[in-house]
Amino acid sequence: MERYILIGLRGTGKSTIGKRMAKILGIPFYDTDTLIEGRAGCTIPEIFLAIGEAGFREIEREMIASLPEGPAVIATGGGAVMDQKNAESLRKEAHIILLTADPEVLEARIMGGSRPPLTELSLSDEIRQISKIRMPIYRGLADICMDTGMVNADEAASSILTSQERDTEEGVKTLRRMSLDPDLIKTPLLFGITGNPVSHSKSPHLYNRLFSEYAIPGKYLFLPAGSAEEAITTMQALGAKGLSVTIPFKETMVSRIDEPDPDVTAIGALNTVVSCGGKLYGHNTDWIGIREPLQGHKGADALVVGAGGAAAAAVYALQSLDMNVIIANRTEERGRALARRFGCTSAPISSSRKVDLIINATPVGMKEGDGSPVPSELLRPGVTVFDLVYTPPMTRLLKNAHASGCTIIPGTELFIHQARAQFKLLTGIDPGLDRIREVLSS
Ligand code: NAP
């Protein structure tokens, strides 16, 4: 597969390094921005002036869809892969190389250039702002990440072409120890779910199906571990690109990560780890899975039952929707501590006032014969009840809530929304909710 797609922010060296790579390999080089200028007969600043960024993106999409197939090195404009169609088409049958550099390096390289600014911010703030939005997607898409800050273009080109992110011997040993097929080490991109236990997880079925649909050269494995430390060691020995993390490592893994994102720091837990350029990045998509089904409930009065990791993600999600949150937990002191962390209130569930939204963030409802963690006085028409428990999908709480005329949201909705966000972080591709629902029901 001699097709290399270079992605990254403006100023990371995609064109210069891409040309060197193409020369070494003796294959064609394409720069999407140059091709666009050639086709439009004017410069990119002129295109922006005439038809704005949206118009430019449309031309860019057409250009990328019409790129010749086969061996090539392709340097893409910084925003190109933020478009889903572009990301999907560039991903096919190609190595994706992410070039990075520190913001100061980028600023020095870009200063005085003719490319139009994308925001009203200063150049330095624009680089930081755009980097925050784009880097998680770039890292997901990338097979190889290379910092071009301290190397010249020739060194960068040859090191990309000879780069080996994986110690095969160590990887094979690890696969054997885990009773997995040693040949898996030949798979370009390895992913997995870690935790203890993991065998119940639907993620391998879902993600492996999506990998084949999007022609992502990856495999997603069950990777149980005895500790967060062991999970990270396994990930590194396999040269794995990413992990989904489940109970009991969501909290303990945070301190093992090089760069937890601000959501992880606020919640105190992660469920996603992405490896890029020798660094581990931590994300939490559970809170997104709680927030997304509740988008229509901004400003509501909400009650969260529980005070563990899922409750912290719930409180964070609800506060992002401007809700007033009350926490009710069996161990009241733990409930008070969580309320202090997030600046909200706590109360015993028996004395909780009437609210518009109730979230169950306890495991009550998972076991057969479990009752409801919410007294029936709180369930009435107009109230929405979201049970984070997803096995079984219809818990005693949801049955009672439905019978009382409440709107109900099952825990499977959390899983589906968090999986969409997680797949995007792991691969840079957004599969959409409908596709996830279809695969999970098949
Ligand atoms: P956790 O950190 O262990 O916290 C469990 C919480 O539940 C604690 O506040 C605990 O209260 C409370 N609790 C446990 N047993 C109880 C009982 N019998 N009666 C009343 N309260 C009880 O667990 P977690 O990580 O937050 O996860 C909680 C649940 O969320 C999981 O069991 C899972 O069902 C659900 N979840 C679902 C998804 C999804 O994708 N749908 C994702 C994440 C989590 P104490 O403080 O008194 O012990």
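What's counted below: heavy atoms across the whole structure, side chains too, no hydrogens, waters or symmetry copies. Order of listing sets the numbers, starting from 1, for every ligand and every atom in it.
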For the backbone of Gly218 and the side chain of Lys241, can you confirm whether one donor and one acceptor N or O come within less than 3.5 Å of each other?
no

Are side-chain N/O atoms of Ser441 and Arg437 paired as donor and acceptor at under 3.5 Å?
no

Look at atom 11 (O) of ligand 1 and say whether a protein heavy atom is found at less than 4.0 angstrom from it.
yes

A quick test of your reading: do over 12 heavy atoms of other residues, nucleotides or ligands sit less than 6.0 Å from CZ of Arg176?
no

Distance check, rounded to the nearest 0.5 Å: His297 atom NE2 versus Thr407 atom OG1?
7.0 Å

If I apply the N/O under 3.5 Å rule, does Gly309 come out as touching ligand 1?
yes

Using only atom types and a distance under 3.5 Å, with no angle test, would you say the side chain of Thr148 pairs donor to acceptor with the backbone of Thr100?
yes

Considering only protein heavy atoms, which is closest to atom 4 (O) of ligand 1, and at what distance to one decimal place?
Gly308 CA, 3.5 Å

Tell me the protein heavy atom at minimum distance from atom 35 (C) of ligand 1, and give that distance in Å.
Leu388 O, 3.8 Å

Among all protein non-hydrogen atoms, which one is nearest to atom 8 (C) of ligand 1, and what is the separation to 0.1 Å?
Arg334 NH1, 3.4 Å

For ligand 1, which atoms, with element, lie under 4.0 Å from some heavy atom of Gly306?
9 (O)

Below 4.0 angstrom, counting only protein heavy atoms, does anything approach atom 23 (O) of ligand 1?
no

Looking at Thr331, which atoms of ligand 1 are within less than 4.0 Å of one of its heavy atoms?
45 (P), 46 (O), 47 (O)

Among all protein heavy atoms, pick out the one at the shortest distance from atom 15 (N) of ligand 1; state its residue, atom name and that distance to 0.1 Å.
Arg330 NH1, 3.6 Å

Is Gln418 close enough to touch ligand 1? Criterion: a residue heavy atom under 4.0 Å from a ligand atom.
no

Out of Leu90, Leu6, Asp33, Ile96, which residue meets the side-chain contact (heavy atoms from CB on, under 4.5 Å) rule with Thr76?
Leu90

Among the heavy atoms of Pro373, does any lie under 4.0 Å from an atom of ligand 1?
no

Out of Tyr220, Tyr214, Phe222, which residue meets the ring pair (Phe, Tyr, Trp, His ring centres under 6.0 Å) rule with Tyr207?
Tyr220

Atoms in ligand 1 flagged as close to Ala310, the criterion being non-hydrogen separation under 4.0 Å
24 (P), 25 (O), 26 (O), 27 (O), 28 (C), 30 (O), 44 (C)

In terms of atom number and element, which parts of ligand 1 are under 4.0 angstrom from non-hydrogen atoms of Gly411?
41 (N)

For the pair Phe415 and Tyr390, name the ring-plane relationship: parallel under 30°, tilted 30 to 60°, perpendicular over 60°.
parallel

Nearest neighbour in protein (non-hydrogen) for atom 32 (O) of ligand 1:
Pro363 CB, 3.2 Å

Considering only heavy atoms, does Val364 approach ligand 1 within less than 4.0 Å through its side chain, its backbone, both, or neither?
side chain

Please state which part of Ala361 comes within less than 4.0 Å of ligand 1, counting heavy atoms only: side chain, backbone, both or neither.
backbone

Using the six-membered ring wherever Trp is involved, compare the ring planes of Phe191 and Phe211 and label them parallel, tilted or perpendicular (cut-offs 30° and 60°).
tilted

Does ligand 1 have an atom that lies less than 4.0 angstrom from a heavy atom of Lys250?
yes

Main chain of Ile409, side chain of Glu413: is a donor-acceptor contact present, judged purely on distance under 3.5 Å?
no

Once you restrict to heavy atoms under 4.0 Å, what part of Asn329 touches ligand 1? Side chain, backbone, both or neither.
side chain

Applying a 4.0 Å heavy-atom criterion (strictly less than), which segment of Met366 is in contact with ligand 1: side chain, backbone, both, or neither?
side chain

Output yes when a protein non-hydrogen atom is found under 4.0 Å of atom 39 (C) of ligand 1, and no otherwise.
yes

For Asn271 and Asp286, which I'm curious about, is there any donor-acceptor pair between the side chains at under 3.5 Å?
yes

Per-atom filter on ligand 1: closer than 4.0 angstrom to a heavy atom of Val389 are 34 (O)

Side-chain donor-acceptor pair present, Ser346, Arg340, cut-off under 3.5 Å:
no

Option among Leu433, Ile288, Ile436 that satisfies the side-chain contact (heavy atoms from CB on, under 4.5 Å) test with His417:
Leu433

